[in-house]
Amino acid sequence: MNLSHHLMKNQRGCPDMNEVRVRIAPSPSGFLHVGIARTAIYNWLFARHHKGVFILRIEDTDPSRSSPEMVEAIIESLKWLGLDRDEGPYYQSQRKELHQKYAQKLLETKKAYFCFCTPQELEEKRKKAKASKADWKYDRTCLKLSDAEKEKKIRKGEPRAIRLLVPSGKTEFDDLVYKHLEKENEDIDDLIIVRSDGRPTYNFACVVDDVEMRISHIIRGNDHISNTFKQILIYKAFELTPPKFAHIPLILGKDKAKVSKRHGAISVMEYKEQGFLREAFLNFLALLGWSPKDNREILSTEKMIELFSLEGVNPANPIFDPEKLEWMNGEYIRASDNEKLCDLVIPFLIKENLITDKTAKQKRERLLKFVSLFKERCKTLKDFAEKGKYFFAFDYRYEPKAVSEHFNSAEDVQRLNTFVQRLDQLERFEKEKIEQALRNLTDEMKIKPAPLIHTVRLAATGTSSGPPLFDILELLGREEVVKRIKKAVEFIKTKFN
RNA sequence: GUCCCCAUCGUCUAGCCCGGCCUAGGACACCGCCCUUUCACGGCGGCAGCACCGGUUCAAAUCCGGUUGGGGACGCCA
């Protein structure tokens, strides 16, 4: 039996044993949700911190639950997150012969055995056990078969799976996050490693591939702890030293249940579409379970790479808090320079039909000002399109509450009309000049500037809040402002008639 | 049901391994005040937590045991 060179190399000790090689191994049965994304981030940070290798392996041994589209989606998500890989994607489904070769070896060394029980039979037994509240474990029916019986079944061509023979004793390991973990082997089932159709199962393929790919550290969700005991048993059956394990806490939803494909998970791309910045999202997810321990929260990707360590991972499961994500995103938006931010905002404006590709290029200067006016007020890129809509479209309704506060007298009509006249007289339509004009007017009228400011704001924007009024007016331009105020005058007139 | 894991403000966390510096620190959210034409940003302040019970010790958030609570795994899924 000639196993792969990697296995052999490993047995006598790899020369590059200290090289850090990590992987993420998603199954393409769903998109990349926050749980896997966070696992990917930790693996990636760990790899980059140790100048190691980050590998993508697609666990598609179950074709009924896999699709090329999902693989694409996963790769796209990793790309958005900026988690560049050094190797892969490898496809587990293409490595079947290798897995079988390894299984064969276990059969030869009697560390594994054929099982002729059908899935139906097993299901029956499981059901029965459950009904009587007993706990289920494979009863080793097929291990007890005599050689003659086995021969007979094989000759008859009965389908057979391969099970690992779990020895007696105890399985233990030192987890980089959870410290010492152990489990009695009698609590571990003789798991199937190769199905009756020849395809390997997850736990087996996973071990073989991790061995073959010389994975040094397996960083994955703590929902895999029970798998790890099984996998260590497989390593032992091959007389191999298992890699280091680091189980990271699971991200829980608001309801405290694990975020999974079946449970309220959404693709990370959804966050992109909601207007989250890649850096902010990465920062937030990295901090869900890990902390640099010095109260710092806003960390650049480089800084995270520098500071990341598995020892800094908190073993308790965190709850995903969208509000804090929004806050952090706002921090990143405010810290972004206008040019970069503008590029990021444009697609959102286009999507809302507020601008076109063409106008985005033509009116770049104006967009840059727009972005700088709104960046302090937006938590997501989408907010720019929502809060700043009136900059691009004059089809708004006046906020009802604001109307009762700021369009509340026939006097407003006269004030607005006079203000329009003053605007017409301005040589240059600049915010300082506009402000001066307004303040002069309110002085003459012996009223405070604030009420008129509010009225003009409502007329020009339809809302009672937003960036400083004179910046808005300047950016809107004289013609547009005059048009909007005149329209407001008509509106107020009908209200008081 | 069996097994595994976890447990500090509502949430994310620091402190825990190596007991005293903890009157438990930071952040989000929330509430006040200041700044201000509004909204935000920013600044200042406030609210709020060591799950519980025992033990060890001069001393426990920190060590030990139990209870309770929460999560996860128990597939010819991954």
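Each chain gets a letter, A, B and so on, in the order the sequences are listed, and its residues count up from 1. Below, all heavy atoms of this structure are taken into account, side chains as well, without hydrogens, waters or symmetry copies.
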Closest to side chain of Lys256(A), choosing from rU37(B), rU11(B), rA78(B): rU11(B)
Need one value for Ser291(A): base, sugar-phosphate or nothing, where a base atom within 4.0 Å counts as base even if backbone is also close, heavy atoms only. sugar-phosphate
Sub-4.0 Å heavy-atom contacts from residues 244-252 of chain A onto RNA chain B, ordered by number: Leu250(A)
Listed pairs under 3.5 Å, donor-acceptor, residues 66-73 of chain A side chains, sequence neighbours left out:
unit_1, atom_1, unit_2, atom_2, d
Ser66(A), OG, Asp62(A), O, 2.9
Ser67(A), OG, Glu69(A), OE1, 3.4
Ser67(A), OG, Met70(A), N, 3.3

For atom C1', what is the distance between rC21(B) and rC31(B), given to the nearest Å? 32 Å
So which protein nitrogen or oxygen atoms get under 3.5 Å of nucleotides 22-29 of chain B's nitrogens or oxygens?
unit_1, atom_1, unit_2, atom_2, d
rG25(B), N2, Asn295(A), OD1, 3.1
rA27(B), O4', Glu297(A), OE1, 3.0
rA27(B), O2', Glu297(A), OE1, 2.5
rA27(B), O2', Lys324(A), NZ, 3.3
rA27(B), N3, Lys324(A), NZ, 3.1
rC28(B), OP1, Trp327(A), NE1, 3.4

Span that lies between the P atom of rC12(B) and that of rC58(B), in whole angstrom: 37 Å
Are Phe284(A) and Phe320(A) close enough that their ring centers fall under 6.0 Å? yes
Among Gln436(A), Glu435(A), Glu432(A), exactly one meets side-chain contact (heavy atoms from CB on, under 4.5 Å) together with Phe470(A). Which residue is that? Glu435(A)
Mind running side chain to side chain donor-acceptor pair (under 3.5 Å) on His99(A) and Glu97(A) for me, showing each step along the way? CA-CA 5 Å; His99(A) 301 135; Glu97(A) 286 73 26; over 6 Å; no
Distance between the P atoms of rG46(B) and rA7(B), in whole angstroms? 30 Å
Rounded to whole angstrom, note down the C1' distance from rC9(B) over to rA14(B). 13 Å
Excluding sequence neighbours, so at least two apart, what forms ring pair (Phe, Tyr, Trp, His ring centres under 6.0 Å) with Phe392(A)? Phe370(A)
With a 4.0 Å cut-off on heavy atoms, is Ser464(A) in touch with a base, just the backbone sugar-phosphate, or nothing at all? base
Parallel, tilted or perpendicular: which fits the ring planes of Phe173(A) and Phe229(A), with parallel below 30° and perpendicular above 60°? perpendicular
Please list, for nucleotides 3-6 of chain B, all pairs of protein and nucleotide N/O atoms separated by less than 3.5 Å.
unit_1, atom_1, unit_2, atom_2, d
rC3(B), O2', Lys183(A), NZ, 3.1

Side-chain donor-acceptor distances from residues 112-120 of chain A under 3.5 Å, at least two apart:
unit_1, atom_1, unit_2, atom_2, d
Tyr113(A), OH, Asp190(A), OD2, 2.5
Thr118(A), OG1, Gln120(A), OE1, 3.4
Thr118(A), OG1, Glu121(A), N, 3.1

Distance under 6.0 Å and angle within 45° of ring axis: Arg95(A) vs Tyr91(A): no
For a quick check, tell me whether the side chain of Asn227(A) and the base of rA78(B) share a donor-acceptor pair closer than 3.5 Å. yes
Given the side-chain rings of Phe394(A) and Tyr396(A), with only the six-membered ring counted for Trp, is the space between their centroids under 6.0 Å? yes
Looking at rC39(B), does its base get a donor-acceptor pair with the side chain of Arg377(A) below 3.5 Å? yes
